[in-house]
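For ligands, and for the atoms within them, numbers begin at 1 and follow the listed sequence. The figures here come from the full heavy-atom set of this structure, side chains too, leaving out hydrogens, waters and symmetry mates.
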Amino acid sequence: MIRAIFPGSFDPVHNGHIDIACRAARIVDELIIAVYDKPLKDFVFSPEERLALVREAIKDCPKITVVGYSGLTVEYCKQNNIQVIVRGLRVFSDFEYEFRMALANHRLVPEVEVIALITSEEHTFLSSSTVREIASLGGDVSTMVPDFVVKALNKRMAELNENRSITPLMIRRD
Ligand code: ADP
């Protein structure tokens with residue numbers, strides 16, 4: 001029985017994430033999408049909101065569950081009997097980052113393997129930061145995220161605009 005984890009910030013979840021999760025779920029027995037809270041990042045959505053949006057996105061996939069976590073991914077794997085970390089790859093810069101992370105994680109916990117799935121062609125450009133930036137400028141993200149994420153983004157951007165605190169959110173890259 002292979003248990004895998006797909007960790008990420010998911011701020012917010014988008015179609016590229018959902019595609020990777022569904023494809024990974026076809027090749028493992030159980031997939032856990034793990035939503036983490038990076039203290040160094042300035043999130044648009046709270047951990048609870050990001051969890052709720054991911055849960056809604058995969059509600060029809062019986063093999064996938066969603067959890068929140070903090071700390072080292074490999075520690076979470078050890079504690080929860082997870083053998084595989086799933087990641088998605090878009091461009092060469094992703095590869096370099098994921099390559100370094102995979103080697104570091106392997107040094108920490110050699111039993112945990114990393115599987116990286118190549119993005120589907122139509123999602124190559126897609127990132128949460130692109131979605132956030134377009135939404136913050138009033139653009140249409142409906143081809144990039146599910147409907148309920150569009151609604152959540154529009155609501156949050158209106159709130160942020162009212163508070164005039166939008167600039168730091170646009171410069172964060174993921
Ligand atoms: P992180 O902060 O870990 O990078 P993200 O939510 O940005 O969290 O991404 C989670 C995972 O999803 C990462 O492995 C990332 O490379 C992958 N990913 C993000 N966007 C895409 C996409 N368009 N296609 C495939 N994988 C993607």
Side-chain angles (χ1 to χ4, degrees), residues 4-28 31-58 61 64-77 82-106 108-109 112-136 139 141-146 148-150 152-153 156 168-174:
I5 188 175
F6 179 33
S9 318
F10 305 105
D11 187 39
V13 64
H14 57 63
N15 295 344
H17 294 132
I18 297 167
D19 175 59
I20 294 290
C22 294
R23 286 165 54 203
R26 288 203 289 269
I27 55 175
V28 300
L31 183 74
I32 298 157
I33 301 184
V35 179
Y36 59 73
D37 195 358
K38 269 193 199 162
L40 296 179
K41 280 190 177 182
D42 225 352
F43 288 114
V44 170
F45 292 106
S46 70
E48 296 73 27
E49 289 167 327
R50 287 182 281 125
L51 265 169
L53 292 174
V54 176
R55 283 210 171 102
E56 179 70 20
I58 56 85
C61 309
I64 308 179
T65 51
V66 186
V67 298
Y69 82 112
S70 54
L72 284 173
T73 305
V74 281
E75 280 305 320
Y76 186 88
C77 292
I82 293 166
Q83 305 99 317
V84 173
I85 298 174
V86 173
R87 298 287 287 173
L89 289 180
R90 288 159 294 190
V91 287
F92 285 118
S93 53
D94 274 355
F95 175 80
E96 201 186 329
Y97 176 76
E98 298 295 344
F99 185 80
R100 280 191 284 112
M101 284 294 291
L103 289 178
N105 282 332
H106 206 246
L108 294 174
V109 182
V112 174
E113 293 293 348
V114 175
I115 293 182
L117 297 182
I118 309 288
T119 189
S120 296
E121 224 177 319
E122 67 271 29
H123 304 313
T124 310
F125 72 96
L126 198 47
S127 68
S128 295
S129 55
T130 301
V131 168
R132 288 193 304 271
E133 188 162 348
I134 294 172
S136 74
V141 292
S142 61
T143 61
M144 304 171 199
V145 297
F148 53 89
V149 177
V150 175
L153 269 169
R156 179 51 41 87
L169 302 171
M170 296 193 317
I171 57 174
R172 171 160 76 77
R173 181 178 168 274
D174 55 22

**Student:** Can you list the ligand 1 atoms lying under 4.0 Å from a non-hydrogen atom of Glu98?
**Tutor:** 14 (O), 16 (O)
**Student:** Heavy-atom contacts under 4.0 Å between Pro7 and ligand 1: side chain, backbone, both, or neither?
**Tutor:** backbone
**Student:** Just to be sure I'm reading this right: ignoring hydrogens, which of Tyr97, Tyr36, Phe125, Phe95 gets closest to atom 3 (O) of ligand 1? Compare them by their nearest heavy atoms.
**Tutor:** Tyr36
**Student:** Around Phe148, counting heavy atoms of other residues, nucleotides and ligands shown, do more than 12 lie under 6.0 Å from its CZ?
**Tutor:** yes
**Student:** When rounded to the nearest 0.5 angstrom, what is the spacing between OG in Ser120 and CG in Leu126?
**Tutor:** 11.0 Å
**Student:** Would you check the N or O atoms of Asp11, main chain and side chain alike, for any that come under 3.5 Å of an N or O of ligand 1?
**Tutor:** no
**Student:** Once you round to the nearest 0.5 Å, how far does CZ of Arg87 lie from CD1 of Ile5?
**Tutor:** 10.0 Å
**Student:** Donor-acceptor pair, Arg132 side chain versus Phe43 backbone, under 3.5 Å?
**Tutor:** no
**Student:** Going by the side-chain hydrogen bond (donor to acceptor under 3.5 Å, both in side chains) test, which pairs reach into residues 49-58, not counting sequence neighbours?
**Tutor:** Ser46-Glu49, Glu49-Arg156, Glu56-Lys59
**Student:** As an exercise, identify every atom of ligand 1 less than 4.0 angstrom from a heavy atom of Leu126.
**Tutor:** 20 (N), 21 (C), 22 (C), 23 (N)
**Student:** Considering residues at least two apart in sequence or located in another chain, which fulfil the ring-ring contact (aromatic ring centres under 6.0 Å, His included) criterion with Phe6?
**Tutor:** Phe10
**Student:** If I apply the N/O under 3.5 Å rule, does Arg87 come out as touching ligand 1?
**Tutor:** yes
**Student:** Using a 3.5 Å distance criterion without hydrogens, assess whether the side chain of Asn15 forms a donor-acceptor pair with backbone atoms of Thr143.
**Tutor:** yes
**Student:** Check each atom of ligand 1 against the heavy atoms of Gly8 and keep those under 4.0 Å away; list them by number with element.
**Tutor:** 3 (O), 8 (O), 10 (C)
**Student:** Looking at every heavy atom in both Val131 and Pro12, which two are closest together, and how far apart are they?
**Tutor:** CG1-CG, 4.1 Å
**Student:** Counting from 1, what ligand 1 atoms have a heavy atom of Phe10 closer than 4.0 Å?
**Tutor:** 6 (O)
**Student:** Pick one of side chain, backbone, both or neither for how Ile20 approaches ligand 1, counting any non-hydrogen atom pair under 4.0 Å.
**Tutor:** side chain
**Student:** Could you list which atoms of ligand 1 come closer than 4.0 Å to a heavy atom of Phe6?
**Tutor:** 11 (C), 12 (O)
**Student:** Please list, in number order, the atoms of ligand 1 under 4.0 Å from a heavy atom of His123.
**Tutor:** 22 (C), 23 (N)
